[in-house]
Each structure stands twice: as C-alpha cells, then as structure tokens.
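Some notes on the structure that comes next.
Count residues from 1 along the sequence.
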Amino acid sequence: MNVRRRSSAAALAAIAVIGAATAPAVAADPSPSSSPSTTAPSGLYGSTDPQYDGVWRQSLALLAQDTAGVIPSSTAVKWLTDQQCANGAFAPFRADPAKACDAKTPVDTNNTAAAVQALWAVGGHGDVIEEALGWLKSVQNEDGGWGYVPGTPSDANSTSVVIGALTATETDPAKVVKDGKSPYDALLTFALPCAKDKGAGAFAFQPDKDGKLLPNADATAAGVLGTLGEGLVAEAGKKTGAASCADADQPDRERAAANAAAYLTDTLAKDGHLVSALGGSADQPDYGNTADAVVALAAQGGADKAAEPLAWLKKNAAKWAGESGPAAYAQLIFAAHATGTDPRDFGGTDLVAKLNATGPAPQGTTAKDTASDDDKTKDEKKDDDSPFGVWWFVGVCLLFGVGIGFLLSNRNKKQQP
C-alpha cells in the first residue's frame, strides 16, 4: 500500500498541525434517524443515538471535512479509531471501547470500509488501516464480493463500499481475489442487461429469493462507483455523450457503469430526484440517494450529467440535511465535490460550516483552494501527482527534523495479512 499523495499546500498545513500538537493514536439510508441522545459520546458528530450509525456518520463527517479542506478535530479522529475491534473490524457503535469485542459484537463490512476511507484521508493511522483491510480481505466471499455481515451473500452496495476502501488506500481491487474471483467479478453479476423492459442497465442489490435481479437505484449509484473503482469521494470523469444502455455478451466495468448511468438518468428525468416509499405510504423524495446518484453520474460522465439532480438538491436538500445530521451534510459535500460546486455556497447553504457545527471544532483549514481543485478533471490532477510532489516536499522537511513520527506512522506499516 503506497502513501497517498496530496498537494504541497495541504502538506504545509499538515506539517504545521503536527508541529503544534501530538497527533492522536489514531444499506438503505446510510444515516438512519434515531431517537435523540441526551449525552452524545465525546468526539462524535451528531446528537442522535449512535447505536446504528455512529461509525458510519463519523467516517463520512471526517471524510467530508478532509474533502473540503478542513483539518478534523483530533478528538473526533480518536473517537473513530477507538471504535476498532482487535481483529481490525468496526461495528456501528461500541459504547465501551475499552471492553474487548466478542462474537456478539455486530461488526460489518460497510462501517469498516467507511472508516478505512476516512482514516486514510486524514492520515497518520497506518496500523489501524492495515488491520481493517486485513479483516475485510479475510471475510471476502468466494464470488469475490462482500455482504453487509461476514458470511452473508454478497450485495452490490457492500461490495462497492469495500472497493472504495481498497482503491482509496491504493490497493488494486482486481488483485484482491478469493477462489480466483475479484470484487469486480462479483459486482458485475448484479448488473441487469439492457434487454429488460424494466430496469435496463441498473444494478440489483442482490438476487431475490427466486434468483431474479430487480433494479435498485441505491445499488445502481453504488454500482457505478464500484465498477469505476471509486470511493465515497469521487472526481468528475471525462465528459461523455448522451447516456445509453448497450448490451454486450460480457460487459466490462466501463460498459456496466455507462449502462447504470443511463438507468439513473432515465429514472431522474421525471422529477429531477429519486423517490422512496415506505410501507404503503406515498412516494417521498429520496435526498440521500439523489446525492449519491449525483456523485455517480459525475464520476461516470462528467459534472454536466448530474446538472439536473444537483440543481434540485441545491434548492431542496438543506432542510433534509439539517434534520438528518452529519452524514447528510457529508453526502451533499461529496456531491458538490464531484461536480466542482462550492460546498460553502450550496444553494445558499454553507455545508461545511453546518457539518462542522455538529461536532468538535476542527483544528483548522488547509491552504487548499477547494473550488479550483474541484474544477479539475482526473487528467488535469495527474500533474499534481508528480514525483516531486507533496511527499517529496514532506521528506525534505523531515530531514530538517520536522515530524519524524509522522513519517514513521505512514511508512513503517505492518505487512498485510
């Protein structure tokens, strides 16, 4: 696993922080609402009961802050690392981190993969990340994918979020195999053919009890990012023509992503947003999945492909995010990032300030120009990754005695299991 490369401006800010203080040791709705908690755990973002989504919302909050050029609170980062079990896995929430995990601790792949992406982004937690990746690899299914809970059948969402953790840490998912099958092999089995009258090109969450694949917009957005090898934070891809679904005997990842993007485009065309229905109730706008769809469409075919749902989110999503909490603000920040939109003026709402206000105050901001960086394409950003980029700069500073512990924590890592 290689060290992630950043801009030199971000490195300067990171070095300043390291010099000033010691670094800490470090589904359906991804942020389900729950009853208010009178005493939220110290360091946690959000005020609702974290039993079902503590690690998930904390991971998204930290990842979104990093994406927006914010240096997270060390207390918030430590809260997340303290949640890890000795075997490397994460559960949604452990009320007493000092108590060892046991067979009853509900560890899962989604929270573990999200924590990996967040901790890799903030930096300095190599051992925690290595142990989490080792656990994820140990519970990979024979088809190459992952289910939410170890031992359960693979699904598109879980497989995609683990792919995101692998690629974020510069681990090639194609080389993470079980019985000769990679995560990409598993993911492509959930893709519906274009010939279907309903759901052409979509991804299913997983086969139903009869083995049939049914279209699922949430799984489709996840599937697009997974097949592209993207994580929760994605850049805008190259601009493509009009989205269309095209059958192939064995569609490759690029074709499957294009087919799925065509399905999302068609589904969004009616209202400009996705909908969800709860047990007999009327369809309701699905803000979270619409935000995920924006990221997926932008990653597959450029920001222009997500213009309509992005405009709808700018106009309507602020109230939803305020009611739903940090994970919702994070999803909107990811949508802004993927489309080159300023998250500090998202339909008149400063998403970054709103997110920061839900938990411990950040340590500060980096020198990163978020808007100009977001406007870059993947090809343009290659110039930022030159051999004389950030880590060369950091190395020079370290030669002068600045932050040698930071170098060790990032480069002296345990071997992967």
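- Taking a cutoff of 4.0 Å between a charged side-chain nitrogen and a carboxylate oxygen, K78 and D82 qualify as a salt bridge.
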Quiz item: Can E230 and I163 be said to form a side chain to side chain contact (heavy atoms under 4.5 Å, CB included), step by step?
Solution: CA-CA 7 Å; E230 296 283 1; I163 288 175; over 6 Å; no
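- Judged purely by distance below 3.5 Å, without hydrogens or angles, the side chains of R57 and T48 pair a donor atom with an acceptor atom.
- Remark: the backbone N or O of G147 is paired with a side-chain donor or acceptor of T109 at under 3.5 angstrom.
- Side-chain contact, N157 with N110: no donor N or O sits under 3.5 Å from an acceptor N or O.
- For the 3.5 Å distance criterion, the side chains of E235 and H337 qualify, holding a donor opposite an acceptor.
- Judged purely by atom type and a 3.5 angstrom limit, D143 uses its side chain to pair as donor or acceptor with the backbone of G145.
- Remark: side-chain polar atoms of R94 are paired, donor with acceptor, to backbone N or O of K99 under 3.5 angstrom.
- How far CG of L310 is from OG1 of T290: 11.0 Å, rounded to the nearest 0.5 Å.
- Side-chain atoms of W146 never come within 3.5 Å of backbone atoms of V162 as a donor-acceptor pair (strictly under, hydrogens ignored).
- At distances below 3.5 Å, at least one donor-acceptor pair connects side-chain atoms of K178 with backbone N or O atoms of Q140.
- When only modelled atom types and interatomic distance are considered, E323 and Y287 share no side-chain donor-acceptor pair under 3.5 Å.
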Practice problem: Begin from the C-alpha positions of L297 and L268 and carry the test side chain to side chain contact (heavy atoms under 4.5 Å, CB included) through to its verdict. | Solution: CA-CA 11 Å; L297 289 173; L268 287 160; 3.6 Å; yes
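- The backbone N or O of L80 lies less than 3.5 Å from no partner atom in the side chain of Q58, so there is not a single donor-acceptor pair.
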Quiz prompt | Worked verdict on N111 versus Y148 for side chain to side chain contact (heavy atoms under 4.5 Å, CB included) | solution = CA-CA 9 Å; N111 283 288; Y148 183 82; 3.5 Å; yes
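- Contact annotation: the side chain of P92 never approaches that of W56 to less than 4.5 Å [non-hydrogen atoms, C-beta and beyond].
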